[in-house]
Amino acid sequence: MDIFLQQLINGLVLGSIYALVALGYTMVYGILELINFAHGEITMIGAMVSLAVINLLIGSSLDLPGVMIVFMGVLTAIPACMALGFLIERVAYRPLRHAPRLAPLITAIGVSIVLQNVAMLIWGRQYISFPAIIPIQRYEILGATISNLQIFIFIFSGLLMAGLVALVHKTRFGRAMRATAQSPQSASLMGVNVNNIIAITFILGSALAAIAGVMVGAYYGLAHYYMGFLLGLKAFCAAVLGGIGNIAGAMLGGLLLGVIESLGAGYIGDLTGGFLGSHYQDVFAFLVLIIVLVFRPSGLLGERVVERA
Amino acid sequence: MLLEAKNLVVTYGGVHAVKGIDFNIAQGELVCLIGANGAGKTTTLKALCGLVPVAQGSIHYHQQIITHRPTHEIVQRGMVLVPEGRGIFSRLSVAENLAMGAYTRHDTATIRHETDHIYSLFPRLHERRQQKAGTLSGGEQQMLALGRAMLAKPKLLLLDEPSMGLAPLMVSKIFEIIQHIAQQGMTILLVEQNAKLALEISHRGYVMESGLITLHDTARNLSTNPQVRHAYLGE
Ligand SMILES: Nc1ncnc2c1ncn2[C@@H]1O[C@H](COP(=O)(O)OP(=O)(O)O)[C@@H](O)[C@H]1O
Ligand SMILES: [Mg+2]
């Protein structure tokens, strides 16, 4: 088996999930300069809600096909997370819009802890396994294997990201969003309802997070009330790596982080003579972040255009 | 009256920037508001647009009170501000900036037609339409800001120091354009430190000092008023 190719495939799949989550961080930061630390928890809620629906449907007498059941789970998780994202912005962040920067940051951490605890109360502390109701098929390519789930995650994330890019760059709403990100006051002088743009930004990011949450749950076959923490942290790293506030940067950062992490995990044993095992893979995300930020403090694509006053 | 401000008071924390002023603008008028730096001119315009909260008094526009309405709603009703510093979206292209001007409108065909008209007025903008607006010179940015405001189809256009930071040649060009727009029937409130130029093209003028309106007359009378000549026309 070709380790390099295999880890590259795994990394791209993982990275496309990171990218989906990173987009939520970067879009909100782009407009509010706020790091929505609760965003990772939204992915967790997405996984949990879909899992609840999937288990409910499996247990029911409806006898639906597996694909249909998963589909229903995702379709419930998306609006649930959208509503949650909307609510968080409305209740926790909007009242602090003009407060010192530290206030919404601490609130974000607070919201994140609240969501973890609510999830723990509802779904318990134990790992919940994602039922494998769609049979996993594996395909051989050039000595590496790739599963139908991996192919699906990669392609579907790609489509979602392409859709988002089109939305942001080709539509009236997207233009208003970019204008608001540059200057909310100037945007409002164009007749843009800035509060609506901000709300929709949270809702969009949360929808992507919901999908990412289901993907992570299905990919690892597990869900847990704490799963959003590390995922959120890594996605945040991906966003910073690409240049926070920059949409293309979040995608690049996500994919890059996934690949680096997978390759690192694949080779760390060899590199350290077996001293460190692949469970050290989480270290790579943060190591890469630190190294990149030392050389490019604004991230890979986070360079500002030259502006003349 | 198209616009009427009554006893308008605006404060920043404890600082009274506007201390109870009254003014009005009739349909089709070009009215200027002149005064030294820090007099409260920008604050007055911001209050009209809902960018700063009004502490006391009221703003009547089209026979409706708009005093505490949000900015986007006031803009949708046709009051459009070209702010101090122009408020260009520097990372958006010139064309996208113009499109933002027409944000509240949905008559695509007319917008396209009017955009072409703006480009014919400002050929420089047409040449640079795909360029990021941040790369334009100060004068070009002011043209873009004016063109963008025109695309909003304003019923009342508020201009905050359009001559600021521009070379003399550019200043006279911008003022020509403002006069041209006014002659087409646009109602304009022009805020300027360059009192001479402002009084030349305006119908009426208000003089503002430390948050209060101290003089109000026709532009012709103001420009012959000894007090104004001494304080603002450098004589
Ligand atoms: N954001 C602000 N916070 C506090 N004070 C302000 C603010 N903006 C303006 N001021 C003060 O209000 C007064 C009027 O300012 P401004 O309206 O900008 O005057 P002008 O446009 O006539 O130069 C000045 O004393 C200024 O220092
Ligand atoms: Mg001013």
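All heavy atoms count here, side chains included; hydrogens, waters and symmetry mates do not. Just so we're clear, the structure is a prediction, and the values are computed from it rather than from any experiment. In what follows, chains are A, B, ... by sequence order, proteins preceding strands, each numbered from 1.
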(request) Decide if atom CZ of R90(A) counts as having more than 12 heavy atoms of other residues, nucleotides or ligands within a radius under 6.0 Å. (result) no
(request) Can you see which heavy atom on M100(B) is nearest to which on A179(A), and at what distance? (result) CE-CB, 3.7 Å
(request) Could you note down all residue pairs passing ring pair (Phe, Tyr, Trp, His ring centres under 6.0 Å) where residues 86-120 of chain B supplies at least one of them, sequence neighbours left out? (result) Y119(B)-H126(B)
(message) Which atoms of A149(B) are under 4.5 Å from chain A, going by heavy atoms: the side chain, the backbone, both sets, or neither?
(response) neither
(message) Atom NZ of residue position K173(B) - does it have more than 12 heavy atoms of other residues, nucleotides or ligands inside 6.0 Å?
(response) no
(request) Measure the OG1-CD distance between T71(B) and Q185(A) for me, rounded to the nearest 0.5 Å. (result) 7.5 Å
(message) Does anything in residues 37-59 of chain B reach chain A? List residues with heavy atoms under 4.5 Å apart, or say none.
(response) K46(B), C49(B), L51(B)
Identify all side-chain donor-acceptor contacts of residues 202-213 of chain A below 3.5 Å with residues at least two apart in sequence or on another chain.
residue : atom : partner : partner atom : Å
S206(A) : OG   : F202(A) : O            : 2.7

(request) Report, by ascending residue number, the residues of residues 150-167 of chain B in heavy-atom contact with chain A at a distance under 4.5 Å; give 'none' if the set is empty. (result) none
(request) Tell me, yes or no, whether the heavy-atom count around H16(B) atom NE2, taken from other residues, nucleotides or ligands under 6.0 Å, exceeds 12. (result) no
(request) List the steps and the verdict of side-chain contact (heavy atoms from CB on, under 4.5 Å) for N193(A) and H72(B). (result) CA-CA 6 Å; N193(A) 184 341; H72(B) 67 94; 3.3 Å; yes
(request) Of all the heavy-atom pairs spanning Q182(A) and L92(B), show the shortest one and how long it is. (result) NE2-N, 3.5 Å
(message) Just checking L169(B): does its CG atom have more than 12 heavy atoms from other residues, nucleotides or ligands closer to it than 6.0 angstrom?
(response) no
(request) Below 4.5 Å from any heavy atom of chain A, which atoms of R148(B) appear? Answer side chain, backbone, both or neither. (result) side chain
(message) Rounded to the nearest 0.5 Å, what separates atom CZ in R175(A) from atom CD in E96(B)?
(response) 6.5 Å
(message) side-chain contact (heavy atoms from CB on, under 4.5 Å) for V80(B) and L189(A)? Distances and angles first, verdict last.
(response) CA-CA 7 Å; V80(B) 175; L189(A) 287 174; over 6 Å; no
